[in-house]
Trainee: 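I have a structure I would like to understand better, so I am pasting it below and will then ask my questions one at a time.
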Amino acid sequence: MMTLANKITLIRAGLALVMFFFILLPFWWARFIGIIIYIVAASTDWVDGKIARETNTITPFGAIVDPFVDKILVIAAFFAFVSIRPLNVPIWAVFLILLRELMVSNLRAIAALDGKVMAAERWGKFKTVVQMSAIGVILFVILLMHLSQLLHGAAQHFCQILFVTLLHFPYAVTAIAAVITWVSAISYLRNNWDLLKKSWSLPCN
């Protein structure tokens with residue numbers, strides 16, 4: 001029977017897809033729902049890990065799928081942001097983030113074929129914090145963008161000023177996230193280089 005932690009992980013994957021489509025919709029209410037869904041989905045990452053540790057139900061499935069689902073959530077958010085033109089989220093940075101995540105996922109698969117579970121590294125954890133923080137900043141800018149259209153009077157004026165002030169942030173935080181993401185990729189490659197060399201030099205049994 002599937003553990004509760006793994007069920008929550010799969011729910012997070014579903015929430016990531018729903019969040020993606022809601023943020024794509026050009027309506028303020030849809031994007032507000034998307035923001036709420038992202039907050040819920042991101043919080044489940046902490047919840048399923050805590051449950052797995054406290055109930056001693058850490059499984060190989062969870063060790064591999066949990067970080068993969070985190071990547072789905074991050075990539076879904078960034079690609080949804082690219083579609084919102086005022087944000088000016090750089091597609092090149094999103095592509096580099098996607099490329100790194102696919103590369104490390106393949107490295108994890110190679111480790112699994114060798115009977116090993118590749119644990120998250122310090123740089124990998126820091127990368128996740130930077131990515132999630134960048135997404136949080138961009139979601140806040142989206143919120144300001146729509147509040148500046150919905151509110152009236154002084155509140156609307158304040159949101160408009162804040163939105164214009166922070167409008168360059170989505171580009172900057174995405175670019176920073178891409179750089180940190182690749183620093184972590186280099187760390188993973190360096191620490192698992194022997195495993196990688198073994199995988200391309202020995203035939204599969």
Side-chain angles (χ1 to χ4, degrees), residues 7-49 65-102 105 125-182:
K7 289 178 181 178
I8 294 174
T9 298
L10 293 180
I11 289 173
R12 183 162 71 258
L15 288 175
L17 297 177
V18 175
M19 178 269 304
F20 173 75
F21 287 110
F22 268 104
I23 292 180
L24 280 183
L25 294 174
F27 310 113
W28 67 264
W29 56 267
R31 288 175 178 163
F32 282 6
I33 292 174
I35 291 172
I36 293 171
I37 292 174
Y38 173 80
I39 293 171
V40 172
S43 66
T44 64
D45 185 31
W46 176 81
V47 172
D48 62 8
V65 175
D66 183 73
F68 180 73
V69 170
D70 290 342
K71 299 180 197 317
I72 292 176
L73 180 61
V74 167
I75 295 301
F78 278 121
F79 269 105
F81 297 154
V82 168
S83 71
I84 305 175
R85 290 186 177 275
L87 298 179
N88 194 30
V89 171
I91 186 67
W92 62 264
V94 176
F95 174 74
L96 288 178
I97 291 172
L98 173 61
L99 189 62
R100 181 272 182 197
E101 302 297 9
L102 291 174
S105 293
K125 294 177 181 178
F126 180 62
K127 175 269 304 181
T128 300
V129 171
V130 171
Q131 288 179 344
M132 293 294 188
S133 299
I135 291 171
V137 169
I138 296 171
L139 289 174
F140 180 64
V141 174
I142 292 173
L143 185 64
L144 285 174
M145 180 176 67
H146 288 291
L147 285 177
S148 66
Q149 299 167 352
L150 294 171
L151 298 177
H152 300 282
Q156 182 186 45
H157 185 61
F158 173 77
C159 287
Q160 288 174 340
I161 293 174
L162 196 55
F163 171 65
V164 172
T165 303
L166 299 179
L167 192 54
H168 66 284
F169 273 47
Y171 188 102
V173 296
T174 305
I176 292 170
V179 171
I180 298 300
T181 294
W182 270 92

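All values below were derived from every heavy atom in this structure, side-chain atoms included, with hydrogens, water molecules and symmetry-related copies excluded. Sequential numbering from 1 along the given sequence is applied to the chain's residues.
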Trainee: At their closest point, which heavy atom of T165 faces which heavy atom of I161, and how far apart are they?
Mentor: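 So the two residues come closest at OG1-O, 2.7 Å.
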
Trainee: Should we count CZ of F68 as having more than 12 external heavy atoms under 6.0 Å?
Mentor: no

Trainee: Can you give me the closest heavy-atom contact between P170 and V89, atom names plus distance?
Mentor: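 Shortest heavy-atom separation between P170 and V89 comes out as CB-CG2, 4.0 Å.
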
Trainee: Could you give the distance from CZ (F20) to CG (L73), rounded to the nearest 0.5 Å?
Mentor: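 F20 CZ to L73 CG: 12.5 Å, rounded to 0.5 Å.
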
Trainee: Using 0.5 Å steps for rounding, measure from the CG atom of L87 to the CG atom of L166.
Mentor: 11.5 Å

Trainee: Any side-chain heavy atom of I39 within less than 4.5 Å of one from S43?
Mentor: no

Trainee: Does L151 form a side-chain contact (heavy atoms from CB on, under 4.5 Å) with F158? I'd like the steps, not just the answer.
Mentor: CA-CA 10 Å; L151 298 177; F158 173 77; over 6 Å; no

Trainee: Going through the checks in order, is the side-chain contact (heavy atoms from CB on, under 4.5 Å) test met by V82 and F95?
Mentor: CA-CA 11 Å; V82 168; F95 174 74; over 6 Å; no

Trainee: Does V74 reach the side chain of M132, with side-chain heavy atoms less than 4.5 Å apart?
Mentor: yes

Trainee: Between H146 and F163, is any pair of side-chain heavy atoms under 4.5 Å apart?
Mentor: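 Not in contact.
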
Trainee: Would you mind reporting whether V164 and Q160 have side-chain heavy atoms less than 4.5 Å apart?
Mentor: no

Trainee: Any idea which heavy atoms bring Q149 and Q156 closest together, and the distance?
Mentor: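 For Q149 versus Q156, the nearest heavy atoms are O-NE2, 4.1 Å.
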
Trainee: For I75 versus E101, what's the shortest heavy-atom pair and its separation?
Mentor: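 Taking every non-hydrogen atom into account, CD1-CG, 4.4 Å.
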
Trainee: If you count heavy atoms of other groups shown closer than 6.0 angstrom to CH2 of W92, is the number above 12?
Mentor: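 Result for CH2/W92: enclosed.
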
Trainee: Let me confirm one number: the CZ-CD1 distance from F81 to I142, rounded to the nearest 0.5 Å.
Mentor: 4.5 Å

Trainee: In Å, rounded to the nearest 0.5 Å, how long is the span from CG of D48 to CD1 of I11?
Mentor: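 Reported value, rounded in 0.5 Å steps: 10.0 Å.
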
Trainee: Ignoring hydrogens, what is the shortest heavy-atom contact between P90 and T174? Give both atom names and the distance.
Mentor: CD-CB, 3.9 Å

Trainee: Which value, rounded to the nearest 0.5 Å, describes the distance between I35 atom CD1 and I23 atom CD1?
Mentor: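 Result: 6.5 Å between the selected atoms.
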
Trainee: Run the numbers on I97 and W182 for side-chain contact (heavy atoms from CB on, under 4.5 Å), then give the verdict.
Mentor: CA-CA 8 Å; I97 291 172; W182 270 92; over 6 Å; no

Trainee: For the residue pair F32 and W28, does the interplanar ring angle fall in the parallel (under 30°), tilted (30 to 60°) or perpendicular (over 60°) class?
Mentor: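 Judged by the thresholds at 30° and 60°, the geometry between F32 and W28 is perpendicular.
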
Trainee: Using side-chain heavy atoms (C-beta onward) and a distance below 4.5 Å, is W29 in contact with F22?
Mentor: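 SC-SC contact between W29 and F22 confirmed.
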
Trainee: Picking from R100, Q131, K127, what satisfies side-chain hydrogen bond (donor to acceptor under 3.5 Å, both in side chains) with T181?
Mentor: Q131

Trainee: If I compare all heavy atoms of M19 with all of A76, which pair ends up nearest, and what's the gap?
Mentor: CE-CB, 4.2 Å

Trainee: Do the side chain of R12 and the main chain of A42 share a donor and acceptor less than 3.5 angstrom apart?
Mentor: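 Not a single qualifying donor-acceptor pair exists.
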
Trainee: Can you tell me how far OG1 of T9 sits from CG of D66, rounded to the nearest 0.5 angstrom?
Mentor: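 Going from the CG atom of D66 to the OG1 atom of T9 covers 4.5 Å.
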
